[in-house]
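Below, chain A is the first sequence line, B the second, and so on; all start at residue 1.
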Number of protein chains: 2
Amino acid sequence: MVNDILRKELKDRNFRITAQRELIMKIFAESPEDHLSVEEVYRKLLDKRSRISKATVYRTVELLSDLGLLRKIEIDEGIVRFELADSNKHGKHHVICTDCGETITIPDKLVEKIEEMVTNEMGFEPEDHNIKFYGKCSNCKKNQK
Amino acid sequence: MVNDILRKELKDRNFRITAQRELIMKIFAESPEDHLSVEEVYRKLLDKRSRISKATVYRTVELLSDLGLLRKIEIDEGIVRFELADSNKHGKHHVICTDCGETITIPDKLVEKIEEMVTNEMGFEPEDHNIKFYGKCSNCKKNQK
DNA sequence: GTCTTTGCAAACAGTTTGCAGCTGG
DNA sequence: CCAGCTGCAAACTGTTTGCAAAGAC
């Protein structure tokens with residue numbers, strides 16, 4: 001379970017296990033497909049009647065990223081978001097619907113191919129990358145016509 | 001010249017030609033390879049002894065984007081930057097050196113190929129996209145060894 | 001008991017806005 | 001002349017920080 005991973009990771013690095021950290025991690029574990037801003041995490045905590053200060057959300061979400069449990073991404077300009085860093089997928093690359101905001105992860109295989117192309121053609125060995133496509137998702141395309 | 005294009009574009013849309021707009025456009029025209037934040041544009045104006053308020057820089061840079069003369073991009077998380085929107089290139093896609101910050105534009109041909117791949121494999125017709133790779137540029141790689 | 005973490009409020013950075021006065025057409 | 005533009009300061013949003021009190025171990 002995600003909570004066990006969190007506890008282990010915190011212990012390993014001599015951080016303390018606190019209710020706040022577990023709660024925030026839980027928020028992300030509950031909706032693994034979501035890309036949440038600090039504000040949204042904070043809202044979800046309030047919905048659950050958990051009174052955690054926003055400063056703590058900022059600190060925790062940053063900590064969880066350092067631990068490798070979350071990943072910092074950026075979908076719309078200027079707003080930082082976090083998502084669950086499932087170790088099975090990179091999950092960093094998204095296709096974003098400009099109508100409904102739906103965000104779909106680009107499959108790993110495709111990302112690898114792209115990476116290969118850039119490496120070959122630019123003589124640049126990337127350590128990290130960030131690919132975003134904007135367009136209409138199949139749903140919104142349908143409704144439009 | 002860039003200034004003529006600006007004047008024409010402003011006239012066409014019934015905006016006024018002002019010294020501030022010309023000056024800010026000039027800043028970008030002078031270093032077509034740069035990706036400037038509002039702060040940097042403001043600094044450059046001060047260096048030239050032009051007393052333009054920061055609010056005007058914000059407003060102007062946004063206007064110039066609307067006119068299609070600049071393009072809004074985002075290189076580091078959370079800071080919005082603008083670059084000259086040279087009509088000959090898309091110029092939206094960058095390879096960024098994590099050491100020196102050098103930013104290189106990914107060639108159009110390569111971008112087109114990537115676009116094609118995503119369209120084919122995901123059944124998603126992109127209207128726009130944004131590709132960023134992070135790594136070490138050849139210079140920094142050399143100095144490291 | 002000690003050292004970390006939290007909550008709060010204040011500070012901060014980047015950006016937007018309302019308004020009076022200035023200016024281009 | 002007068003609508004659009006600018007400068008200024010104040011407001012706002014998202015984020016960070018200092019510090020006393022609370023909590024983990």
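- A salt bridge does not link D47(B) with R43(B): none of the charged nitrogens is closer than 4.0 Å to a carboxylate oxygen.
- For residues 58-67 of chain A, every residue pair satisfying the side chain to side chain donor-acceptor pair (under 3.5 Å) rule, not counting sequence neighbours, is listed here: E62(A)-K72(A).
- One can place CG of N14(B) at 14 Å from C1' of dC5(D), the figure rounded to the nearest angstrom.
- Separation of atoms NZ (K48(B)) and CG (L23(B)) is listed at 7.0 Å; rounding is to 0.5 Å.
- Taking atom NZ on K54(A) and atom P on dA9(C), their separation rounds to 13 Å, with Å as the unit.
- Atom P of nucleotide dA13(C) and atom CD of E40(B) are separated by 16 Å, given to the nearest angstrom.
- R43(B) places its CZ atom 9 Å from the P atom of dG14(C), with the value rounded to the nearest Å.
- Between the side chain of R59(B) and the base of dG7(D), a donor-acceptor pair under 3.5 Å is found.
- The CZ-P distance, from R13(B) to dG4(D), rounds to 16 Å in whole Å.
- Axis angle across the helix from dG1(C)-dC25(D) to dG25(C)-dC1(D), with five pairs used at each end and values rounded to 10°: 30°.
- A salt bridge is defined here as a Lys NZ or Arg NE, NH1 or NH2 lying under 4.0 Å from an Asp or Glu carboxylate O, and R21(B) with E9(B) fails to meet this definition.
- Across the protein-nucleic acid pair, Y42(A) atom OH and dC8(C) atom P stand 8 Å apart, rounded to whole Å.
- At the phosphate of dG7(C), OP1 or OP2 sits under 4.0 Å from a side-chain N or O atom of T56(A).
- L63(B) places a side-chain heavy atom less than 4.5 Å from the side chain of L10(B).
- Look at OH on Y58(A): it is 18 Å from P on dA10(C), rounded to the nearest Å.
- Summary of the strand contacts: L63(A) and A55(A) both lie near DNA chain C, and taking for each the nucleotide with the nearest heavy atom, the more 5' one is attributed to L63(A).
- Spacing between atom CD of E62(B) and atom C1' of dG14(C) amounts to 13 Å, rounded to whole angstrom units.
- Of the inter-residue distances, the one linking L64(B) atom CG with I24(B) atom CD1 reads 7.0 Å to the nearest 0.5 angstrom.
- Residues from residues 15-28 of chain B with heavy atoms under 4.0 angstrom of DNA chain C, sorted by number: R16(B), I17(B).
- For the pair F15(B) and L67(B), the minimum side-chain heavy-atom distance is below 4.5 Å.
- For the pair K26(B) and E22(B), the salt-bridge criterion is not met [side-chain N within less than 4.0 Å of a carboxylate O].
- Contact check for E40(A) versus D34(A): no side-chain heavy atoms found under the 4.5 Å cut-off.
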